[in-house]
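Have a look at the structure below before the remarks.
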Amino acid sequence: MRTAILGPAQRAESLASMAERELDVLVVGGGVVGAGTALDAATRGLSTGLVEARDWASGTSSRSSKLIHGGLRYLEMLDFALVREALKERGLLLERLAPHLVRPVPFLYPLRHKGWERLYAGSGVALYDAMSMARGHGRGLPLHRHLSRRHALRVAPCLKREALVGALQYYDAQMDDARFVATLVRTAAAYGAKVANRARVTGFLREGERVVGARVQDVEGGGEYEVRARQVVNATGVWTDDTQAMVGERGQFHVRASKGIHLVVPKDRIHSTTGLILRTEKSVLFVIPWGRHWIVGTTDTDWDLDKAHPAASSADIDYLLKHVNSVLAVPLTRDDVEGVYAGLRPLLAGESDATSKLSREHTVAHPVPGLVVVAGGKYTTYRVMAKDAVDEAVHGLDLRVADCVTEDTPLVGAEGYRALWNARARIAARTGLHTVRVEHLLHRYGSMAEEVLELIASDPSLGEPLQAADDYLRAEIVYAASHEGARHLDDVLTRRTRISIETFDRGTRSAREAAELMAPVLGWDEDRIEREVEHYEKRVEAERESQRQPDDLTADAARLGAPDIVPL
């Protein structure tokens with residue numbers, strides 16, 4: 001079983017190693033596309049480095065709708081190529097690459113009109129299924145079905161009777177987006193990539209017009225490194241234009257940011273056995289099952305303010321509540337909202353002013369020798385974007401390079417996962433954990449759950465749940481710091497776990513316990529624990545304050561009231 005540890009020692013070694021000798025490829029940006037690019041390059045036998053200014057997936061890649069999907073609405077736009085490509089990737093992830101992280105999820109589409117709408121929408125969903133099956137990767141999901149109103153209300157009793165005349169039910173897939181990226185990074189490291197988060201690129205190294213590497217600042221330790229590379233890949237998403245500006249090039253395309261916000265509410269607030277997809281005047285709205293919660297989203301509005309911490313305003317929250325309540329028999333209120341998060345989609349600037357109409361296609365360019373830029377696209381097609389970026393970089397390398405193999409390279413934790421899942425009752429008996437706890441670990445770590453269980457075996461107290469967030473075991477907090485590259489309390493409560501959006505206190509009641517568990521791994525003293533907890537509390541309060549503001553401008557100002565990282 002291939003694995004990799006991303007602890008403090010490994011991060012320091014990676015930074016030093018990247019500065020020692022020239023790399024074939026240096027990837028800038030630790031979101032899903034950057035992590036996928038590093039994995040693609042490493043598995044072709046290229047010496048590879050990956051740096052990220054903040055935490056893995058701290059931008060767009062931890063703030064999505066958590067869906068791996070073909071994009072049903074793009075069929076209506078006649079973007080068949082994008083849907084076909086995404087459906088193939090969905091199948092690969094479900095069946096081969098990450099069966100431990102990606103799983104099926106049902107959606108109900110309420111029909112509002114008799115006759116024509118069932119024919120119209122039904123034809124689209126049938127085509128969706130057919131395109132999936134035609135790619136040979138759709139057999140893991142049930143086919144769609146037509147439901148009468150009575151049957152639909154049995155499946156989703158939460159719906160108003162007058163809100164539908166019937167329904168369609170179909171399947172897509174979902175994952176924890178931040179956990180998926182962390183697993184991608186660990187897989188790249190397992191194949192030899194040198195990876196470091198909290199490592200910010202402050203400029204590019206040039207020889208004439210050619211880019212030959214980057215200056216990298218260790219945000220944690222304060223040192224600066226010159227990392228030389230034969231090809232540099234800019235995979236910074238909504239920061240693409242900012243990164244391009246460092247080389248003094250305007251770039252061949254521009255990336256616009258579209259803000260999408262999501263609400264998280266407890267499972268018992270919406271009585272349904274299936275997710276929902278609803279049409280709005282601008283786009284679509286999802287109600288997505290999420291463990292003991294629902295995710296309701298998303299909005300689609302232009303954003304030109306702070307990219308690091310996009311803020312959800314009171315108007316955004318009201319918009320989502322209004323639209324979901326239009327079909328719910330028992331409406332949601334502000335008091336039902338446990339968590340709120342906002343993310344930015346990196347859209348290629350196009351002819352249309354409406355962000356919902358901008359292309360979700362991706363583009364790869366070589367604006368100057370030695371620098372490749374990849375931008376656009378959607379989460380589901382990250383592997384294709386990564387392949388195209390590495391293919392472009394290979395053109396600039398004067399050597400024979402193997403073809404892409406990531407279509408057949410499972411992520412760490414996938415190998416042996418199904419066998420362990422079948423043995424989960426025996427694992428529970430062996431470890432003393434409840435079977436539900438073992439299932440939780442297998443869904444989050446796959447076969448690497450054995451590493452978490454080893455921590456519990458060495459310290460049984462780690463087998464206890466967190467006092468204020470009992471979905472998670474204490475061992476998972478330690479593991480996040482020792483194996484998954486978490487450097488700060490915020491990394492653990494917001495991305496390695498989802499405590500920040502899954503509890504009404506937004507993780508503040510778990511902060512001290514989590515910080516004390518991380519402290520021995522990261523060498524924190526009491527003063528550092530206090531500062532980590534204080535910083536996290538300030539961040540939560542700034543987010544709450546932003547969500548009370550009437551518009552983007554005031555919400556952004558309120559959110560910026562908390563510092564970005566813990567001062568050293």
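Count residues from 1 along the sequence.
- For Glu209, the CD atom sits in a loose shell: 12 or fewer heavy atoms of surrounding residues, nucleotides or ligands are nearer than 6.0 Å.
- If you run salt bridge (Lys or Arg N to Asp or Glu O under 4.0 Å) between Arg256 and each of Asp302, Asp241, Asp300, Asp304, only Asp302 comes through.
- Note that OG of Ser62 and CD1 of Ile501 are 9.0 Å apart. Values are rounded to the nearest 0.5 Å.
- Listed for the Thr240 side chain is no donor-acceptor partner under 3.5 Å among the backbone atoms of Ala375.
- In this structure a side-chain-to-backbone donor-acceptor pair under 3.5 Å is missing from His362 to Val374.
- To the nearest 0.5 angstrom, Gln231 atom CD is 10.0 Å from Leu46 atom CG.
- In this structure, Thr48 and Leu23 have side chains that are not in contact, with every pair of non-hydrogen atoms separated by 4.5 Å or more.
- Salt-bridge formation is detected for the pair Arg186/Glu451: a Lys NZ or Arg NE/NH1/NH2 atom is positioned less than 4.0 Å from an Asp or Glu carboxylate oxygen.
- The two residues Ser500 and Thr494 have their closest heavy-atom pair at OG-CA, 3.4 Å.
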Checklist entry - Do Arg559 and Asp306 pass the salt bridge (charged side-chain N to carboxylate O under 4.0 Å, His left out) test, and can you show the C-alpha distance, the side-chain angles, and the key distance before you say yes or no? => result CA-CA 9 Å; Arg559 177 59 187 87; Asp306 180 63; over 6 Å; no

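- Listed here is the closest heavy atom pair of Ile261 and Ala342: CG2-CB, 3.9 Å.
- No salt bridge links Arg215 with Glu226; every basic N to acidic carboxylate O contact stays at or beyond 4.0 Å.
- A side-chain N or O of Arg103 and one of His443 form a donor-acceptor pair less than 3.5 Å apart.
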Item to check | Residues Thr243, Thr236; criterion side-chain hydrogen bond (donor to acceptor under 3.5 Å, both in side chains); working and verdict | outcome: CA-CA 7 Å; Thr243 312; Thr236 52; 3.0 Å; yes

Checklist entry - What's the verdict on side-chain contact (heavy atoms from CB on, under 4.5 Å) for Thr37 and Val390, showing C-alpha distance, side-chain angles and the deciding distance? => result CA-CA 7 Å; Thr37 301; Val390 178; 3.7 Å; yes

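- A donor atom on one side chain and an acceptor atom on the other are found under 3.5 Å apart for Tyr472 and Glu502.
- Judged purely by distance below 3.5 Å, without hydrogens or angles, the side chains of Ser47 and Asp24 pair a donor atom with an acceptor atom.
- Under 4.0 Å is where a charged nitrogen must lie from a carboxylate oxygen, and between Arg495 and Asp55 at least one such pair does.
- By the ring-ring contact (aromatic ring centres under 6.0 Å, His included) test, Phe180 pairs with Tyr382, sequence neighbours left out.
- Salt-bridge annotation for Glu52 and Arg200: absent, with no side-chain N of the basic residue lying under 4.0 Å from a carboxylate O of the acidic one.
- Judged by the 6.0 Å distance and 45° axis criteria, Lys66 is positioned over the aromatic ring of Tyr341.
- One finds no salt bridge joining Arg44 and Asp403 here, because no Lys/Arg side-chain nitrogen approaches an Asp/Glu carboxylate oxygen to under 4.0 Å.
- Salt bridge annotation for Glu207-Arg228: present, with a cationic side-chain nitrogen under 4.0 angstrom from a carboxylate oxygen.
- Here Arg11 does not pair with Glu220 in a salt bridge; the nearest charged N to carboxylate O distance is not below 4.0 Å.
- Between the side chain of Tyr128 and the backbone N or O of Gly70 there is at least one donor-acceptor pair closer than 3.5 Å.
- Side-chain contact of His483 with Gln10: a donor-acceptor pair under 3.5 Å is absent, judged by distance alone.
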Next on the checklist: Assess the residue pair Glu476 and Tyr445 against the criterion (side-chain hydrogen bond (donor to acceptor under 3.5 Å, both in side chains)); give the C-alpha distance rounded to whole Å, side-chain angles, the decisive distance to 0.1 Å, and a yes or no.
Outcome noted: CA-CA 10 Å; Glu476 295 182 76; Tyr445 307 98; 2.9 Å; yes

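- Between Trp524 and Arg531 there is no side-chain heavy-atom pair separated by less than 4.5 Å.
- Annotation: Trp421 is not in aromatic contact with His100 [ring centroid separation under 6.0 Å not met].
- Between Phe286 and His69, the ring-plane angle classifies as perpendicular under the 30° and 60° cut-offs.
- You'll find the side chain of Leu489 reaches within 4.5 Å of the side chain of Met518, heavy atoms only.
- Using a 4.0 Å cut-off between a side-chain N of Lys or Arg and a carboxylate O of Asp or Glu, Lys88 and Glu407 qualify as a salt bridge.
- Between Val540 and Arg506 the shortest heavy-atom distance is CG1-CB, 3.6 Å.
- Between Gln174 and Ile68, every side-chain heavy-atom pair lies at or beyond the 4.5 Å cut-off.
- Side-chain rings of His488 and Tyr536 stay apart, their centers remaining 6.0 Å or farther from each other.
- Scanning both residues, Met175 and Ser64, for their nearest heavy atoms gives CE-OG, 4.4 Å.
- The pair Arg230-Asp398 does not count as a salt bridge, with every side-chain nitrogen at least 4.0 angstrom from each carboxylate oxygen.
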Checklist entry - Could you walk me through whether Ile477 and Thr497 pass the side-chain contact (heavy atoms from CB on, under 4.5 Å) check? => result CA-CA 8 Å; Ile477 307 302; Thr497 70; 4.1 Å; yes

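- When only modelled atom types and interatomic distance are considered, Ser132 and Arg90 share a side-chain donor-acceptor pair under 3.5 Å.
- Distance check: Leu411 CG to Leu39 CG gives 7.0 Å after rounding to the nearest 0.5 Å.
- Salt-bridge annotation for Asp491 and Arg198: present, with a side-chain N of the basic residue lying under 4.0 Å from a carboxylate O of the acidic one.
- The shortest distance between side-chain heavy atoms of Thr202 and Val216 does not fall below 4.5 Å.
- Side-chain atoms of Thr299 and Asp316 include no donor-acceptor pair closer than 3.5 Å.
- Ser546 places a side-chain N or O within donor-acceptor distance of the main-chain N or O of Glu543, the cut-off being under 3.5 Å.
- Taken to the nearest 0.5 Å, the CE atom of Met18 stands 9.0 Å off from the CD atom of Glu13.
- Ionic pairing of Lys387 and Asp40 is not present here: no N-O contact between side-chain nitrogen and carboxylate oxygen is shorter than 4.0 angstrom.
- The minimum heavy-atom distance linking Leu94 with Pro99 is given by the pair O-CB, 3.4 Å.
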Item to check | Evaluation steps, side-chain hydrogen bond (donor to acceptor under 3.5 Å, both in side chains), between Thr60 and Arg345 | outcome: CA-CA 6 Å; Thr60 302; Arg345 304 173 191 87; over 6 Å; no

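- A donor-acceptor contact closer than 3.5 angstrom is absent between the side chains of Trp56 and Glu484.
- Summarising the geometry, atom CD1 belonging to Ile295 is positioned 7.0 Å from atom NE2 belonging to His262; distances are rounded to the nearest 0.5 Å.
- The minimum heavy-atom distance between Ile529 and Ala519, with the atom names listed, is CD1-CB, 3.7 Å.
- Although no hydrogens or angles enter the test, the distance criterion places a donor-acceptor pair under 3.5 Å between the side chain of Arg63 and the main chain of Ser58.
- For the atom pair CE of Met448 and CG of Leu420, the computed distance is 12.0 Å after rounding to the nearest 0.5 Å.
- At least one donor-acceptor pair under 3.5 Å links the side chain of Tyr379 to the backbone N or O of Asp177.
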Item to check | side-chain hydrogen bond (donor to acceptor under 3.5 Å, both in side chains) between Asn234 and Gln244, intermediate numbers included | outcome: CA-CA 8 Å; Asn234 174 6; Gln244 283 299 99; 3.3 Å; yes

